[in-house]
There are 2 protein chains.
Amino acid sequence: MARAGSAKAQRMERLQAELAQGRALHISAVSKLLEVSEMTVRRDIQQNPGKLGYLGGYVVPRGMFEPENSYTLDMAADQQRDAKRRACEIALRHVRAEETIFIDCGTTLIELVDLIPNDMRLTVVCYALNVAERLAHKPNVTLVMLGGVYYPASATFFGPEALATISSLGINVALLSAAGFDWARGATCAHFHEAEIKRKVMATASRNILVIDTSKIGRLRSVLFAESTSFDAIVTELSGDETSQHPAS
Amino acid sequence: MARAGSAKAQRMERLQAELAQGRALHISAVSKLLEVSEMTVRRDIQQNPGKLGYLGGYVVPRGMFEPENSYTLDMAADQQRDAKRRACEIALRHVRAEETIFIDCGTTLIELVDLIPNDMRLTVVCYALNVAERLAHKPNVTLVMLGGVYYPASATFFGPEALATISSLGINVALLSAAGFDWARGATCAHFHEAEIKRKVMATASRNILVIDTSKIGRLRSVLFAESTSFDAIVTELSGDETSQHPAS
DNA sequence: TAATTCATGTTATAATTCTCACATTCATGC
DNA sequence: GCATGAATGTGAGAATTATAACATGAATTA
C-alpha cells in the first residue's frame, strides 16, 4: 500500500522543490541529492508523469518544456496558455521602460514575466511566490516583494505590512488578473485576501489594466474586487493591435 | 565575414521563434527543421551562448534556467553539502513543534528545510527566496516572509518594512548562518543588508543558534553582525549528540 | 516461519549522443 | 583560374544514457 508520506512521494516533493526555480539537474546530481541510484530516479519520474519533466539526462521542472519524444509528455498543460500569453503580449505594450509596475498573482500574468525583454529596465512589485521566482532571474528588473503569511492556494503572501507597503509605493501600471469577469458586475477573484491586495494596489496605481483570457468573461467568483469601470484598460487575447479597449477612459 | 543576416544568424532566429512557446526540440528535429546537419546545430548553439540552451539532446529556450550553471553549482555545493546537512540535522534538535523559528539565508540552512518532518507544525519566518520556495511545499508549516527589494547576490529581500516586521514577531528560535566565523571576532557575512536583518532578528528571538560548517571557522567576511557570545549555541557538523556547545549559556 | 510483494540496486547490453579529425562546399579576393 | 578561409558535412570511436533482466532486502500476509 502506498502511504501518503512514502519515501518515493517524499523524493518527488523534494525534487519538485529543488527545481522550483527553473533549474535543470543532471540525473547524477539528483541521484546524489536524493541518495538513491540513478535507476530509481528514472523510475520515480516515469511513474509520476506530469510532475517533473525529463530531458536528455536532466530532470527539469514541468510546464517549462514539452519535449515531443520524452515519456514525460503528459500535456496536462493549461489549455488557455496560448490565450494567456497573447493577452500578456498585448498587456506588455502598456508598460514602458523605467516604470514601476505591479504584477498580480495567477496563471495568466506569470506568462508576462517571460515576455519582459531582458534589456528592459523595470521595477516590478509582486506578492506571488512563483512570479517572484521568475522575476528574480531578470537582470534589469528591480524586484519588490510584499511579505506576509503565505497562502498556498494562490501562492501569495498577505499581511498588514503588505497593505501598508503598497500605499508607500509609486506604481505606474498595475497589471491585474481575475478569476471571473462580468461587464455588469465587475472583476472577481476566489480569495478574500487577494482581493484586498488588488483593491489597495488599484487605489495607488496610475493605470490599472485587467489582463484576462476570454474564458474568464461571464464567470463569477466569490469576491468582487473592482467594477468594470475602474480599469483603464481591459486586455484579452483578442484585443486588437490598437491600444486596446478603454471602457472607462 | 559573418554578416548580420548570415545563414547562421537566420537559423538562430528561426530556432528562437520556434522555441518561444516553451517547447523543447530534439536535435534531430531541429536538424530536419533547419535543413542542416546535427553537427551544425550543435556548433550554432555552442557559438551563440546565451541565446539558446542545450540539454541532453534537446534544444531548449534560454533564460528560465541555466543547465550548466546548476550542474556546476551543485558540484561546488556538494563539497560542504554533507557537512551542512549534518549541521542542520543537529540544529533541528533545538526546534520544537509549534514554535516560531527564523531561518536565515545561504546555502547552509536551505538544507534544514528539507529536514523538517512533514508532520511537524511550525511557523517559519524567512527572507530568502529559495528558502521560501522550499518551505511553500511543507504542509504543516506556516510561512512568513519578509518583503522588500530583492538582492540577487544573496537571493534575499530587504527593506524598512522587513525590519519593522521582525520586531513585531514573536520568534522562539533563530537559526542563523554566517559566511565567516571566528571565536575572537564573531560572526560575519558578506552583505550589509543581510547583517541588518540578522541583528534585528537576534534582538527579538528567544534563542539564537549559529549553524555553520567547520569550513567557515577562521574565515572573515566584510560585515560583522554578532559576537561569539551572543549565540545561545553554535552548531557545526561536528557538534556531538549532546545538546551541543553552549558558549554563552 | 515461509511465501509474497514491492521498492531498490546491480550488471550487462543496447542505443544514443558527443567529440574529433578530416573532407567538402561555397564565397571571396588576388 | 587559383588560393584562401569560413561554414558545413561525414564518419569512426569515445563517452554517456537507456533498457531490461536479475539480485537483494525489507515489509506484508498467510
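Computed from a predicted model, the values in this text were never measured in an experiment. Lettering follows sequence order; numbering is per chain, from 1.
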Is the B:Y127-B:F157 ring centre distance short of 6.0 angstrom? no
Quick check against the 3.5 Å criterion: does A:S222 have a side-chain atom that pairs as donor or acceptor with the backbone of A:A190? yes
Just the rounded figure in Å: distance from [atom2] of [N] to [atom1] of [X].
{"X": "B:L55", "N": "C:dT17", "atom1": "CG", "atom2": "C1'", "value": "13 Å"}
{"X": "B:R43", "N": "C:dT25", "atom1": "CZ", "atom2": "P", "value": "16 Å"}
{"X": "B:D44", "N": "D:dT8", "atom1": "CG", "atom2": "P", "value": "6 Å"}
{"X": "A:H26", "N": "C:dT17", "atom1": "NE2", "atom2": "P", "value": "14 Å"}
{"X": "B:E38", "N": "C:dT19", "atom1": "CD", "atom2": "C1'", "value": "14 Å"}
{"X": "A:Y54", "N": "D:dT16", "atom1": "OH", "atom2": "P", "value": "14 Å"}
{"X": "A:Y58", "N": "D:dT16", "atom1": "OH", "atom2": "P", "value": "11 Å"}

D:dT17 phosphate, OP1 or OP2: any side-chain N/O from A:R42 under 4.0 angstrom? no
Looking only at side-chain N and O atoms, does A:T40 come under 4.0 Å of OP1 or OP2 in C:dG9? yes
Do B:S28 and B:E38 have side-chain N/O donor and acceptor atoms under 3.5 Å apart? no
Between B:T156 and B:E194, does any side-chain donor sit less than 3.5 Å from a side-chain acceptor? no
Tell me which of B:G57 and B:M39 sits closer to the 5' end of DNA chain C, going by the nucleotide each one is nearest to. B:G57
Run the ring pair (Phe, Tyr, Trp, His ring centres under 6.0 Å) check on B:H191 and B:Y151 step by step: do they pass? CA-CA 10 Å; B:H191 306 285; B:Y151 284 74; 8.1 Å; no
Looking at five pairs on each end of the helix from C:dT1-D:dA30 to C:dC30-D:dG1, what is the angle between the two axes, given to 10 degrees? 20°
Does A:L112 form a side-chain contact (heavy atoms from CB on, under 4.5 Å) with A:V211? I'd like the steps, not just the answer. CA-CA 10 Å; A:L112 186 125; A:V211 185; 5.8 Å; no
